[in-house]
Amino acid sequence: MTNSISTPDTSDTPIRVRIAPSPTGDPHVGTAYIGLINYLYARQRDGKFVLRIEDTDRTRFVATSEQEIFHSLRWLGLTWDEGPDLGGPYGPYRQSERTEIYRQHVELLLANGTAYRAFETPEELEALRQRQIAAKLPPRYDGGHRQLSQLQIDAYLAEGRPFVVRMKVPAGQTTFRDELRGDITFDHNNVDDQVLMKSDGFPTYHLANVVDDHLMHITDVIRAEEWISSTPKHVLLYNAFGWAIPRFWHMPLLRNLDKSKISKRKNPVSLIYYRQAGFLPEAMINFLGLMGGGMPAPTAELTPAQPAATKSSETDIFTLPDMVTRFDVKNIRLGGPVFDLTKLKWLNGEYIRALTPEAFYKALRDTILSDAYLQQIAPLIQTRVETLGEFGNLTHFLFADDIMPPSEVFIPKKRTIEDALAFAAEQLTVLEATDWTHEALEPALKQLGEAQQWSVKENFMLLRAILTGSTMSPPLLESMIVFGKSRTLDRVRRFLETQKKLANTKK
RNA sequence: GGCGUCAUGGUGUAACUGGUUAACACGCCGCCCUCUCAAGGCGGAGAGUACGGGUUCGAUCCCCGUUGACGCUACCA
């Protein structure tokens, strides 16, 4: 069987696009990037921009994440027309509230034979994978329970044995059109019998995204390139339901300096970080608009007599409304753009300098010098100053961007630099995984210290040195909480990164 | 390993989709301004368009191959 699709005739159906972030952590720059493209696409066509929360992974769910996503997107000016907070005609917009819908749709697939129940345990599947890897075979579900007899299925069901529902991928191949690249074909040998519904009753991304996109009348799926490989599964699902297929646009992935997919280990990716570190939303959204092209050069309409528009202000600097009028999806470049902090900072500087003195002052008061921030800091130092003028002596590290302790400050006596750096890396891992509260941080760090035979003093001193640049500071944990998780983690990562470079140049 | 995608200076982009000394911005270097540092102004180095073949009078642009990078290969998204 061969599936091939043509672009649906949606010329007179209203354009509807969506972003579907997953509330599994801090809001991500990649979400903002894809959000921006979707936003522009909708605004340019009088379409609707929908926000849908993909919270089907209960193991990675982070309770505060959804609010942070809302906040960050609004901060950037990417406002949506329908979403969990706004409602809309095709809600609910939170997938965890749509489980009954998915369950019904899975029944449909089970009934028409395009899906089946599989009863293997995760352990069995892992064992299968190991065997395949050992035999140098591509790790893939072997379709073991594809032809379970009805008798067998009923027996398992009667036992109450947990099961997943898998897609029954037929032989053949699927071709779909990517609006930016043209036709892409996958042989079904390379398409797994994907799990559609997990044993906890929640759908996987693949099922939920297809069902929701259809039910929400999404006309254009604009998402990141990493989804190309699973698009055949989605096409197969649309076909299994007998639904029309939306247009697919796969945007290039944002990259680290080394060209790998952007990641927190190598680059700040949290939008919270950028907000707290004092980046202006105008600069951030402008910078994102620079990624992947899409903004045509403004020189086209100039006559030769005029000097070409060579000022950076005419080529690299533009607002969100500018993008709505000028951005062109057909101009998008497919090479993965490096998210270059250096240029972002330059751009941010341009925006800061363009502010009126009043606006600049207000920006400071709204962020780095906000009452809320200062109010949290004050109690940390009250007993430690003798004059108010000493405020800065003790809080410098909370207002500075570059903190780098000299080696004699951060290396504990009786420890080598290698030990200290290795332990700091462990601290980073622990901090990443810990809730940002005193009650969670203290035992987590102490536990690490015990495991590695580091005294509490050595342990906390090292972290203090990294964060404050000094051996003397307000209480460590409280300071970290005030400073914020994303900036604290960034500081530790930058410390490790710098020390690694230093070590390399010494060799 | 398999499958897929991509490829213009260090980085982001431009080059009427075949005709340019390959342009602009960031970064870097130098000079000017200046009490310092920024900002600003001026100038400079840095790619011959991953490589190799075609097609063409002519390829950054079209075709093929190679290489490299990246992504996917989960009861994660």
Side-chain angles (χ1 to χ4, degrees), chain A residues 20-25 28 30-31 54-61 95 118 120-126 129 132-133 135-141 162-166 173 178 180-182 184-192 194-209 223-233 250 252-262 287-300 308-317 330-347 349-350 352-353:
Chain A
S22 194
T24 51
H28 198 276
T31 302
E54 307 236 339
D55 55 350
T56 56
D57 184 351
R58 72 193 198 311
T59 60
R60 294 200 304 155
F61 181 75
Q95 290 185 330
E120 291 96 342
T121 63
E123 293 71 32
E124 287 170 331
L125 292 173
E126 184 52 33
R129 192 171 302 118
Q132 288 169 328
I133 291 169
K136 299 216 186 280
L137 291 165
R140 200 166 4 250
Y141 180 63
F163 63 89
V164 299
V165 177
R166 285 182 182 271
Q173 52 181 210
D178 177 283
L180 298 171
R181 299 159 235 263
I184 299 175
T185 299
F186 283 82
D187 194 287
H188 290 182
N189 291 330
N190 299 309
V191 181
D192 213 348
Q194 183 65 49
V195 170
L196 300 176
M197 183 160 285
K198 299 176 255 186
S199 54
D200 64 3
F202 278 84
T204 58
Y205 169 86
H206 306 282
L207 200 235
N209 129 81
R223 74 230 303 187
E225 191 179 12
E226 57 192 328
W227 293 108
I228 290 178
S229 302
S230 37
T231 303
K233 293 170 187 171
H250 293 279
L253 248 19
L254 259 25
R255 308 292 181 92
N256 299 311
L257 241 20
D258 65 3
K259 296 281 188 180
S260 55
K261 169 173 151 179
I262 197 166
F287 182 66
L288 256 13
L290 247 19
M291 303 277 92
M295 282 295 271
T299 52
T310 56
K311 299 283 288 188
S312 61
S313 60
E314 296 168 72
T315 56
D316 279 352
I317 300 187
K330 298 292 181 197
N331 257 37
I332 287 165
R333 295 304 105 148
L334 268 8
V338 170
F339 190 94
D340 183 4
L341 228 33
T342 305
K343 184 146 186 179
L344 205 212
K345 284 181 83 168
W346 164 78
L347 200 51
E350 288 288 304
I352 284 180
R353 280 173 235 121

Using the [atom1] atom as the point on both nucleotides, what is the distance between [M] and [N], in whole Å?
N: B:rA15; M: B:rU49; atom1: C1'; answer: 11 Å
N: B:rA47; M: B:rG12; atom1: C1'; answer: 15 Å
N: B:rA69; M: B:rC28; atom1: C1'; answer: 25 Å
N: B:rA39; M: B:rC29; atom1: P; answer: 12 Å
N: B:rU60; M: B:rC16; atom1: C1'; answer: 15 Å
N: B:rA7; M: B:rC62; atom1: P; answer: 10 Å
N: B:rG30; M: B:rA45; atom1: P; answer: 15 Å
N: B:rA14; M: B:rU56; atom1: C1'; answer: 25 Å

When every nucleotide of nucleotides 71-77 of chain B is labelled 5' to 3' by its protein contacts under 4.0 Å (heavy atoms), B for base, S for sugar-phosphate only, - for none, what sequence of letters results?
BSSSBBB
On the 0 to 90° scale, with breaks at 30° and 60°, tag the A:W227-A:Y205 ring pair as parallel, tilted or perpendicular.
parallel
Are A:F186 and A:I228 side-chain neighbours, meaning at least one heavy-atom pair lies under 4.5 Å?
yes
Is the closest side-chain heavy-atom distance between A:V195 and A:R166 below 4.5 Å?
yes
So which atom in A:L347 and which in A:I317 form the shortest heavy-atom distance, rounded to 0.1 Å?
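Residues A:L347 and A:I317, closest heavy atoms: CD1-CG1, 3.8 Å.
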Send over the distance from [X] [atom1] to [N] [atom2], rounded to a whole Å.
X: A:W346; N: B:rA39; atom1: CH2; atom2: P; answer: 12 Å
X: A:N190; N: B:rG4; atom1: CG; atom2: C1'; answer: 9 Å
X: A:K345; N: B:rA39; atom1: NZ; atom2: C1'; answer: 16 Å
X: A:M295; N: B:rA25; atom1: CE; atom2: P; answer: 17 Å
X: A:R333; N: B:rU17; atom1: CZ; atom2: P; answer: 11 Å
X: A:D316; N: B:rA25; atom1: CG; atom2: P; answer: 9 Å
X: A:N256; N: B:rU11; atom1: CG; atom2: C1'; answer: 13 Å
X: A:N331; N: B:rU17; atom1: CG; atom2: P; answer: 10 Å

Would you confirm whether A:N331, through its side chain, and A:M295, through its main-chain N or O, come within 3.5 Å as a donor-acceptor pair?
no
Which comes earlier along RNA chain B counting from the 5' end, the contact point of A:R181 or that of A:K330, where each point is its nearest nucleotide?
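Per heavy-atom nearest nucleotide, the more 5' residue is A:R181.
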Pick the nucleotide of RNA chain B nearest each of A:I228 and A:L257; which residue has the one closer to the 5' end?
A:I228
For A:D178, enumerate each residue passing the salt bridge (charged side-chain N to carboxylate O under 4.0 Å, His left out) test, keeping only those at least two apart in sequence or located in another chain.
A:R181
Identify, with sequence neighbours excluded, every residue that meets side-chain contact (heavy atoms from CB on, under 4.5 Å) alongside A:D57.
A:T59, A:R60, A:K198
Range-with-range stems of RNA chain B (Watson-Crick or G-U pairs under 3.5 Å, three or more in a row):
B:1-7 with B:67-73, B:10-13 with B:23-26, B:28-32 with B:40-44, B:50-54 with B:62-66
Only counting residues at least two apart or in another chain, list the ones meeting ring pair (Phe, Tyr, Trp, His ring centres under 6.0 Å) with A:F163.
A:F119
So, is the end of the A:R58 side chain (NZ or CZ) under 6.0 Å from the ring centre of A:F202 and within 45° of the ring's axis?
no
A:E226: what forms a side chain to side chain donor-acceptor pair (under 3.5 Å) with it, not counting sequence neighbours?
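Counting only residues at least two positions away or on another chain, A:E226 forms a side chain to side chain donor-acceptor pair (under 3.5 Å) with A:K261.
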How would you label the glycosidic angle of B:rG30: syn (within 90° of 0) or anti?
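Because its glycosidic torsion lies more than 90° from 0, B:rG30 adopts the anti conformation.
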